[in-house]
Amino acid sequence: MCCRNCNMGPCRIDPFGEGAHTGVCGATAEVIVARNFGRMIAAGAAAHSDHGRDVAHALLLAAEHPESGYSIKNVNKLRKVARILGVAVENRETKEIAIDVAQKALAVFGQQEGEIPFIHLAPEPRQAIWRRLNLVPRGIDREIVELMHRTTMGTDQDHRNIMLQGTRAALSDGWGGSMIATELQDILFGTPSPVRGQVNLGVLSQRDVNIVVHGHEPVLSEMLVLAAREGELVNLAKSKGAQGINLVGICCTANEILLRHGLPVAGNVLQQELAVLTGAVEAMIVDVQCIMPSLPELCKCHHTHLITTSAKGRMPGAIHHPFSEENALQTAREIVREAIENFPNRGRVDIPDEKMDLIAGFSHEAITYMLGGRFRGSYLPLNDNIVNGRIRGVAGVVGCCNPKVVHDQGHVELVKELIANDILVVQTGCSAIACAKAGLMIPESAEQYAGKGLAEVCRTVGMPPVLHSGSCVDNSRILIALSEMVKTGGLGRDISDLPVAGAAPEWMSEKAIAIGQYFVASGVFTVFGVGLPVQGSEVFYRHLSEEHETMLGGMWAVEPDIHRMASLMIDHINKKRKALGIDKGKERVLFDMEMRRELAI
Ligand code: NFS
Ligand code: SF4
């Protein structure tokens with residue numbers, strides 16, 4: 001393990017061998033990894049939260065300056081969020097409510113004292129744990145800053161104390177920045193509901209102008225969607241010899257435009273370079289996060305224009321089109337025009353045939369209506385099916401792809417094994433895209449891969465056994481869904497009582513660490529694959545696992561072997577079923593080598 005927190009180092013320490021056991025300053029292994037881990041949480045929470053802040057700003061613009069191109073699509077959700085934020089709704093115009101909601105949301109970032117508002121959506125016993133341990137975030141920015149402060153050289157030197165702040169900052173992401181991003185995006189662009197789409201590089205089109213939007217913030221991609229549908233631009237594309245405009249996504253932006261418009265997904269994070277390599281991409285438009293620095297050099301090999309749009313994310317070698325929310329639609333039009341003008345410059349094109357259908361759009365609202373019926377949205381049928389054992393439990397499988405392991409393999413094998421064991425899987429991020437490509441998000445996959453009980457439920461409702469809930473900020477949808485399951489009744493009093501588990505089999509981004517910590521702190525057993533850069537300190541690892549379970553009811557585990565990861569999750573879910581007294585008649589399906597080979601991708 002390595003510390004670079006001051007210039008007496010870098011200090012490399014060797015916890016296992018003969019080398020130094022502390023840094024120059026005396027920092028022990030557990031302090032070094034706690035500080036590193038804390039700083040990953042801070043960076044991840046900062047990324048999600050800054051995204052949330054931009055969305056709040058766009059909501060303000062939608063209310064005050066409709067000429068910006070933004071508008072309020074979901075008034076019901078606006079009123080719901082207003083109530084949570086303490087904004088009056090009775091006898092008020094939508095515009096007035098929206099201005100207050102946006103300003104209140106913006107204020108949560110800089111709030112100094114008190115409690116961030118969305119915390120109150122968690123079950124009461126969960127809030128009580130957080131209050132007792134002083135973990136309720138006071139304000140989003142404040143917790144991130146304090147975490148950065150406490151992890152500077154010579155400040156917080158107690159790994160447990162560092163992680164208390166790490167947890168508070170992580171909660172300010174999950175129940176703060178990410179939740180603001182998701183909820184306000186739903187107000188602006190609509191709450192997702194089930195929609196058909198297609199996924200994989202085969203969605204790129206030989207005959208159309210291909211525009212790939214890559215990154216994270218729908219404040220950009222939604223405007224591109226509008227621009228790409230304008231008759232004038234479509235006609236321009238035709239005048240250049242194309243059939244039309246094909247707007248597709250990569251990474252979480254792809255998930256956003258898929259969920260709200262059914263637009264195609266070209267791939268997840270490890271396919272961004274491959275999309276360019278097809279030679280069929282006229283423009284790749286990026287904003288922030290998970291954008292490979294290799295792209296400018298790669299785009300030079302083809303005619304592809306790489307277009308950066310955010311003042312926060314510039315790349316030498318890219319064309320910069322500053323995108324400000326104030327003139328969003330206008331900028332989007334210019335970018336689309338530039339892509340079209342580039343169509344005649346195409347060279348050799350080689351688009352793989354692979355593409356797959358999927359159904360996406362399972363927001364927590366959509367799940368209630370799907371299960372409970374159109375007029376009585378409820379989690380009761382889900383809870384009932386868990387109690388009666390048709391569904392063993394629920395797993396969230398999320399996160400990135402990582403070239404340290406075979407692309408997508410961890411996600412797909414894990415999810416197949418979970419659904420075969422009657423575990424309903426909810427997904428976000430690049431993990432969702434991985435499983436969609438493998439055909440797990442079409443209803444027919446229930447018959448092919450799911451256990452008998454889960455398949456029966458899927459058949460009745462007409463849903464796939466693997467539900468796509470959105471981008472990584474949309475992990476906050478899972479937090480709300482878990483809270484709703486608790487409130488619906490029959491499955492205990494807190495999230496930590498539920499037969500649920502989480503996993504990020506191929507994580508790579510710091511954002512994944514923030515997400516892992518807020519799920520654990522919300523009471524969820526969470527397994528990461530690939531390895532976690534804390535394992536050199538047994539003391540710290542014990543803290544994240546056993547000690548966290550005692551304190552918070554949720555814990556971390558690290559397991560690079562996917563089959564063992566599935567076992568850990570299934571065992572945990574069985575343990576929770578037993579504690580709830582609903583464990584009767586649920587045998588674990590054991591996977592032998594033969595079955596695993598059949599499922600392998
Ligand atoms: Ni999430 Fe989405 Fe993908 Fe990982 Fe990156 S795109 S925010 S961080 S790599 S899942
Ligand atoms: Fe080394 Fe301590 Fe400085 Fe870290 S803070 S680089 S362990 S001297």
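Every number for a ligand or one of its atoms is a count from 1 in the order of the listing.
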Protein contact to [atom] [nearest heavy atom, distance to 0.1 Å]:
atom                    : value
atom 7 (S) of ligand 1  : His216 NE2, 2.8 Å
atom 2 (Fe) of ligand 2 : Cys25 SG, 2.3 Å
atom 3 (Fe) of ligand 2 : Cys6 SG, 2.3 Å
atom 1 (Fe) of ligand 2 : Cys11 SG, 2.3 Å
atom 5 (Fe) of ligand 1 : Cys290 SG, 2.3 Å

- Closest heavy-atom pair, Asn255 versus Gly470, reported as atoms and distance to 0.1 Å, is ND2-O, 3.6 Å
- Message: As a quick check of understanding, evaluate side-chain contact (heavy atoms from CB on, under 4.5 Å) for Met284 and Ile307, giving each step before the final call.
- Response: CA-CA 6 Å; Met284 180 176 270; Ile307 300 177; over 6 Å; no
Sub-4.0 Å atoms of ligand 1 with respect to non-hydrogen atoms of [X]:
X      : answer
Cys252 : 2 (Fe), 6 (S), 7 (S)
Gly399 : 10 (S)
Val269 : 9 (S)
Ser509 : 8 (S)
Cys251 : 6 (S)

Within ligand 2, which atoms have a heavy atom of [X] less than 4.0 Å away?
X     : result
Cys3  : 4 (Fe), 5 (S), 6 (S), 7 (S)
Gly9  : 6 (S)
Arg35 : 4 (Fe), 5 (S), 7 (S)
Gly23 : 7 (S)

Does [X] reach the main-chain N or O of [Y] with its side chain, forming a donor-acceptor pair under 3.5 Å?
X      : Y      : answer
Asp156 : His149 : no
Asn402 : Trp507 : yes
Gln427 : Val397 : yes
Tyr541 : Trp556 : no
Thr151 : Met148 : yes

- Query: Are side-chain heavy atoms of His468 and Val195 found at a separation under 4.5 Å?
  - Reply: no
- Query: Which bit of Met508 is near ligand 1, meaning a heavy atom under 4.0 Å away: side chain, backbone, both or neither?
  - Reply: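 Met508 to ligand 1: side-chain contact only, backbone stays beyond 4.0 Å.
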- Can a salt bridge be assigned to the pair Asp186 and Lys73 using a cut-off of 4.0 Å between side-chain N and carboxylate O?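 No, no charged N to carboxylate O under 4.0 Å.
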- Item | Arg196 with Asp357: basic N within carboxylate O range, under 4.0 Å |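 No salt bridge links Arg196 with Asp357.
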- Task: Please work out which of Ala504, Ser178, Cys472 has its closest non-hydrogen atom nearest to atom 1 (Ni) of ligand 1.
- Result: Cys472
- Item | Of the listed options Arg4, Met153, Met8, closest to atom 5 (S) of ligand 2 (non-hydrogen atoms) |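 That would be Met153.
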- Could you please spell out the steps behind the salt bridge (charged side-chain N to carboxylate O under 4.0 Å, His left out) verdict for Arg168 and Asp173? CA-CA 9 Å; Arg168 192 154 54 166; Asp173 173 355; over 6 Å; no
- Task: Before giving the answer on salt bridge (charged side-chain N to carboxylate O under 4.0 Å, His left out), spell out for Asp158 and Arg150 the whole-Å C-alpha distance, their side-chain angles and the decisive distance to 0.1 Å.
- Result: CA-CA 10 Å; Asp158 175 340; Arg150 281 164 63 164; over 6 Å; no
- Using 2.8 Å as a strict upper limit, say whether an N, O or S atom of Cys430 approaches atom 3 (Fe) of ligand 1 that closely. yes
- Task: May I ask you to check whether Cys400 brings an N, O or S atom to under 2.8 Å from atom 4 (Fe) of ligand 1?
- Result: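 Yes - counting backbone and side chain alike, Cys400 has an N, O or S atom under 2.8 Å.
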